[in-house]
Every structure is written in structure tokens, then in C-alpha cells.
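Single-structure report; data block below.
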Amino acid sequence: MKYTGFFLAGAILAGVAIAATPASPSVQSMERIAGVYKHRFMSAFIVPGKDETESYQAEDIVEIVPYDRDHVYVRVHLDFFNGHTCGIYGMARFEDGMFVYRDPEPPIAGDAPCVLTIGEKNGKLTLTDRASPDAGRTCAAYCGARGSLNYEIGMDKRRPIRYLERLKGSRQYKDARDVLLRSMPAS
């Protein structure tokens, strides 16, 4: 009986020590940005032969789901004028304080691979496919003529993903997971 108290106290202290261990920078960043971000707005189509445009409701959606300690699944759908869109999904790895998606295969043979950086800056979730502000876009093949993956949305738009099981069952999530697993060395 006497030793049970010592064992219990030791177990409690070990649990407190584990809980007090600070999370890695990747996990901390992941916790700050994980969720779904949505922005609805009015856009329009140019109608040939008419002087007016036809309005429609558009919506930008960014989903970020933790996968493991170093990766997040990201899916981006952005709407632009005249029905143009950007759409991309995959696993992004934590590199130098941001999550970086590197397209395993360029969508157009001979093009540079798409590199999309995702992170938090100045209270906003930011996406960019440019190495520097004046560099060319690396993911243009994933966008229509008026689209761009250079995007910001306020962190206040972040919501929990209530449809997580459905998302994890999607073709896009499974494809992204399979590509990541194939790229990892066998253990």
C-alpha cells in the first residue's frame, strides 16, 4: 500500500512533465492555422453581346488539416471574375517557419514545379506561389486566366472543420496521403 502512493505520485509527475513539454514549432504553427477559411462575395460573368455582367455568389475556401508532426493537408479553391478559379490540394511540409507544398510532378512537362507556401503573417493566413514578391508564379497551371494563388484571409475567418471524417474520406485527401507516403523512405 505504501509503494502505491509513490507509484501514483510518480505517474502523475511523469504526466505533468509530458504535458508541460513545449510543442515543436511545426505543431505550434499547425495548431494556429488548422481549420477551414471561407469568404463569400459577389462576382460576375461577362456575357457576350450584352453591356451588363451577370452576378453570382462566389466563395473562396481554404482547408488545412494536420496530418503528422511535420505535414498538413491543404486544399484551396479560389473564385475569380468571369468564373475563373484556382484549385490545388496536397500535403505541405513544415520548412523554415511555414508549410510548403511541392508539387511532385509539374502539371505541364518542362515547367518548374509548383511550390506553394502557407503560413500566418500579420494576423492573416497567407498563400503564395512566388519565391519573392517580384518572382514569377510557380503554380499558374492550377489557375484560370484571372486567378492567382497569392492570397490572404484574416485569421478571424478560421473555423473548425465539422466535416473532417468526410474530408479524410475524399479522393483528394487520399491522393495527397498516398503521394506523401510514396515519397517517404521505407523504414
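The first residue of the sequence shown is numbered 1, and numbering continues consecutively from there.
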(message) Looking at R158 and E120, is there a salt bridge between them, counting it only when a charged N and a carboxylate O are closer than 4.0 Å?
(response) no
Working to the nearest 0.5 Å, report the span between [atom1] of [X] and [atom2] of [Y].
X: D60; Y: K157; atom1: CG; atom2: NZ; result: 10.5 Å
X: T128; Y: E152; atom1: OG1; atom2: CD; result: 9.5 Å
X: I88; Y: Q172; atom1: CD1; atom2: CD; result: 12.5 Å
X: R102; Y: T138; atom1: CZ; atom2: OG1; result: 9.5 Å
X: M91; Y: H71; atom1: CE; atom2: NE2; result: 8.0 Å
X: E31; Y: S26; atom1: CD; atom2: OG; result: 9.5 Å

Looking at side-chain heavy atoms only, is the closest gap between [X] and [Y] below 4.5 Å?
X: R182; Y: V179; answer: yes
X: R137; Y: N150; answer: yes
X: V100; Y: R93; answer: no
X: V27; Y: R69; answer: yes
X: V72; Y: I118; answer: no

Cluster link [X] to [Y], ILVMFWY, side chain under 4.5 Å:
X: L127; Y: Y73; result: no
X: I33; Y: V74; result: yes
X: Y37; Y: Y173; result: no
X: I61; Y: V76; result: no
X: L78; Y: F41; result: no

Closest approach of [X] to [Y] (non-hydrogen atoms, all atoms of both residues):
X: C143; Y: L149; value: SG-CG, 3.8 Å
X: R130; Y: A135; value: NH1-O, 2.8 Å
X: A34; Y: P66; value: CB-CD, 3.7 Å
X: D156; Y: R159; value: O-NH1, 2.8 Å
X: N82; Y: I46; value: OD1-N, 2.7 Å
X: A58; Y: S43; value: CB-CB, 4.1 Å

(message) Working note: D129 + Y142, criterion side-chain hydrogen bond (donor to acceptor under 3.5 Å, both in side chains); need CA distance, chi angles, decisive distance, verdict.
(response) CA-CA 11 Å; D129 66 344; Y142 291 96; over 6 Å; no
(request) Quick one: which residue pairs count as a ring-ring contact (aromatic ring centres under 6.0 Å, His included) with a foot in residues 75-105, not counting sequence neighbours? (result) F94-F99
(message) Main chain of A23, side chain of Q28: is a donor-acceptor contact present, judged purely on distance under 3.5 Å?
(response) yes
(request) Would you tell me whether C114 and C139 have their SG atoms within less than 2.5 Å of each other? (result) yes
(message) So if I apply the side chain to side chain donor-acceptor pair (under 3.5 Å) rule between E59 and each of R40, H39, K38, which one comes out positive?
(response) R40
(request) Give a yes or no on whether E52 atom CD has more than 12 heavy-atom contacts from other residues, nucleotides or ligands under 6.0 Å away. (result) no
(request) Can you establish whether the number of heavy atoms outside Q57 located under 6.0 Å from its atom CD is more than 12? (result) yes
